[in-house]
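Here the structure comes first, spelled out in structure tokens, and everything after it is commentary.
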Amino acid sequence: MRTLVIGDIHSGLKALEQLLDRANVVVGDKLIFLGDYVDGWSDAVETVDFLLALRKTHHCILIRGNHDELYNDWLKSEKDNPVWRQHGGEATIRSYQNSGSGTRERHMAFYETLENYHIDEKNRLFLHAGFTNLKGVGFEYFPKTFYWDRTLWELALSLNPKLGKDDPWYPKRLTHYQEIFIGHTPVTRIGKTVPQRAANVWNVDTGAAFKGPLSIMDVDTKEVWQSDPVHELYPKERGRN
């Protein structure tokens, strides 16, 4: 059984289907999705429905992303959020308007089952964004940090690679886990299109919402499979570009 981690999808269902095929995903694989299933391309409803079906046949861990919370808030209240609409929410709303009856209730139930983080048997942490408590995720004061924080990745990028874990100046929050896998902040911001490691933090968001591909990585071997650049699969759409 492989443990495979998948970056931010942002409604790019065509990329996800392509990716699962290229990675030859089988029923025995454990699939850990890092969140942000919607907001970007036109297949928001279809992406969530696909994940609902996939977890009936595969071992799926579904992490909550910040865009998932924003979408769920809209599903529950339909309160207008102009900032969310500008950052992918408009495409999600259009996708929902074309959906059938029962979609709202089905998707709200889906979002209530998402996890803020997952720690596996090898003490590897999976979450959408980050955490700030020096003692680890179990001591975090504000759960929203798990899917909004960017300081964890910023910290890992800025860390002197010569600094050892036994050094008194080594960041305490990086010492609690063997490895940490995140999405949320596209690595395209640092000019990369494949998952990147900084300290013991792996960032698997390769910019699928923009002009990058969607990525899946074997957390043990670090082998990576990628879709085509997602914007090429949706040539008549802007995504979040």
Side-chain angles (χ1 to χ4, degrees), residues 1-41 43-44 46-65 67-68 110 114-115 117-122 124-129 147 153 177-190 192-198 200-234 239-240:
M1 183 184 72
R2 297 179 297 175
T3 298
L4 303 170
V5 61
I6 301 97
D8 304 29
I9 301 169
H10 285 288
S11 305
L13 178 58
K14 295 177 183 178
L16 177 59
E17 292 176 319
Q18 189 180 71
L19 195 60
L20 297 180
D21 180 65
R22 289 180 177 180
N24 192 28
V25 170
V26 297
V27 172
D29 293 326
K30 179 180 181 180
L31 304 174
I32 303 178
F33 293 88
L34 293 176
D36 278 5
Y37 308 111
V38 297
D39 295 353
W41 306 104
D43 287 332
E46 294 83 358
T47 298
V48 175
D49 283 344
F50 181 87
L51 292 171
L52 280 165
L54 186 69
R55 71 177 182 183
K56 292 179 180 178
T57 58
H58 293 67
H59 183 187
C60 296
I61 303 294
L62 293 151
I63 304 296
R64 178 178 289 104
H67 283 269
D68 306 316
F110 168 77
L114 301 182
E115 302 180 32
Y117 61 85
H118 172 71
I119 302 173
D120 73 2
E121 67 282 353
K122 295 184 179 180
R124 296 177 295 204
L125 171 66
F126 303 83
L127 73 172
H128 181 65
Y147 41 91
W153 180 235
Y177 310 102
Q178 185 68 26
E179 290 179 302
I180 303 170
F181 295 86
I182 63 169
H184 190 48
T185 305
V187 298
T188 49
R189 294 187 181 182
I190 56 173
K192 307 294 183 181
T193 55
V194 296
Q196 296 294 304
R197 180 181 66 84
N200 63 337
V201 180
W202 282 93
N203 188 333
V204 193
D205 182 355
T206 50
F210 302 97
K211 293 190 175 181
L214 182 63
S215 297
I216 186 171
M217 184 170 71
D218 186 317
V219 301
D220 292 303
T221 67
K222 303 303 185 286
E223 185 175 3
V224 173
W225 298 265
Q226 295 187 296
S227 71
D228 294 344
V230 183
H231 73 281
E232 295 180 2
L233 301 175
Y234 295 88
R240 295 183 61 201

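These numbers were taken from a predicted model, which means no experiment stands behind them.
With respect to the salt-bridge test (charged N to carboxylate O, under 4.0 angstrom), the residues R124 and D220 qualify. The existence of a salt bridge linking E223 and R2 is excluded, since no basic side-chain nitrogen approaches an acidic carboxylate oxygen closer than 4.0 Å.
A side-chain donor-acceptor contact under 3.5 Å links T206 to the backbone of P213. Checked by atom type and distance alone, the side chain of D8 pairs as donor or acceptor with a backbone atom of H184 at under 3.5 Å.
Interatomic distance, N24 CG to D21 CG, rounded to the nearest 0.5 Å: 7.5 Å. Remark: L13 CG to L214 CG distance equals 10.5 Å, nearest 0.5 Å. Expressed to the nearest 0.5 Å, how far NE2 of H58 lies from CG of L31 amounts to 6.5 Å. Annotation: the span from K222 atom NZ to R197 atom CZ amounts to 9.0 Å, rounded to 0.5 Å. A distance of 11.5 Å separates CG in D36 from OH in Y147, rounded to the nearest 0.5 Å. For the atom pair CG of L19 and CD1 of I216, the computed distance is 5.0 Å after rounding to the nearest 0.5 Å.
Side-chain contact between I180 and L127 is present, with at least one heavy-atom pair separated by less than 4.5 Å. Y234 places a side-chain heavy atom less than 4.5 Å from the side chain of D43. Side-chain contact check for K30 versus D120: some heavy-atom pair is nearer than 4.5 Å. Using a 4.5 Å heavy-atom threshold, the side chains of V219 and I32 count as separate. Looking at heavy atoms from C-beta onward, D228 lies in side-chain contact with R22 at the 4.5 angstrom threshold. Between W41 and E46, every side-chain heavy-atom pair lies at or beyond the 4.5 Å cut-off. In this structure, V5 and W202 have side chains that are not in contact, with every pair of non-hydrogen atoms separated by 4.5 Å or more. V204 is not listed as a side-chain neighbour of I6, based on a closest heavy-atom distance of 4.5 Å or more.
Below 30°, between 30° and 60°, or above 60°: for F126 and F181 the angle between ring planes is below 30°, a parallel geometry.
Here the closest heavy-atom approach between residue D39 and residue H10 is recorded as O-ND1, 2.7 Å. Across every non-hydrogen atom of A15 and V230, the tightest pair is CB-CG2, 3.7 Å. Contact between F33 and L16 at its shortest, heavy atoms only, is CE2-CD1, 4.0 Å. Of all non-hydrogen atoms in L114 and R64, the two that sit nearest each other are O-NH2, 3.1 Å. In plain terms, the two heavy atoms of V224 and P195 that are nearest each other are CG1-CD, 3.9 Å. Q226 approaches S215 most closely through the heavy-atom pair NE2-OG, 2.9 Å.
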Practice task
Report the C-alpha separation of V194 and Q196 in whole Å, then their side-chain angles, then the decisive distance to 0.1 Å, and conclude whether the side chain to side chain contact (heavy atoms under 4.5 Å, CB included) test is met.
Solution key: CA-CA 6 Å; V194 296; Q196 296 294 304; 3.4 Å; yes
Problem - Verdict with supporting geometry, F50 and L20, side chain to side chain contact (heavy atoms under 4.5 Å, CB included) - result: CA-CA 12 Å; F50 181 87; L20 297 180; 3.8 Å; yes
Practice task
Check the pair I182 / L34 against side chain to side chain contact (heavy atoms under 4.5 Å, CB included), numbers first and verdict last.
Solution key: CA-CA 7 Å; I182 63 169; L34 293 176; 5.6 Å; no
Practice task
Check the pair T188, K211 against side chain to side chain contact (heavy atoms under 4.5 Å, CB included), reporting the backbone distance first and the verdict last.
Solution key: CA-CA 9 Å; T188 49; K211 293 190 175 181; over 6 Å; no
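The number of heavy atoms from other shown groups lying within 6.0 Å of NZ (K192) does not exceed 12. Other residues, nucleotides and ligands contribute more than 12 heavy atoms inside 6.0 Å of the CD atom of E232.
Within the structure, salt bridge (charged side-chain N to carboxylate O under 4.0 Å, His left out) pairs that include any residue of residues 52-63 do not occur (at least two apart or interchain).
For N203, there are no side-chain hydrogen bond (donor to acceptor under 3.5 Å, both in side chains) partners at least two apart in sequence or on another chain.
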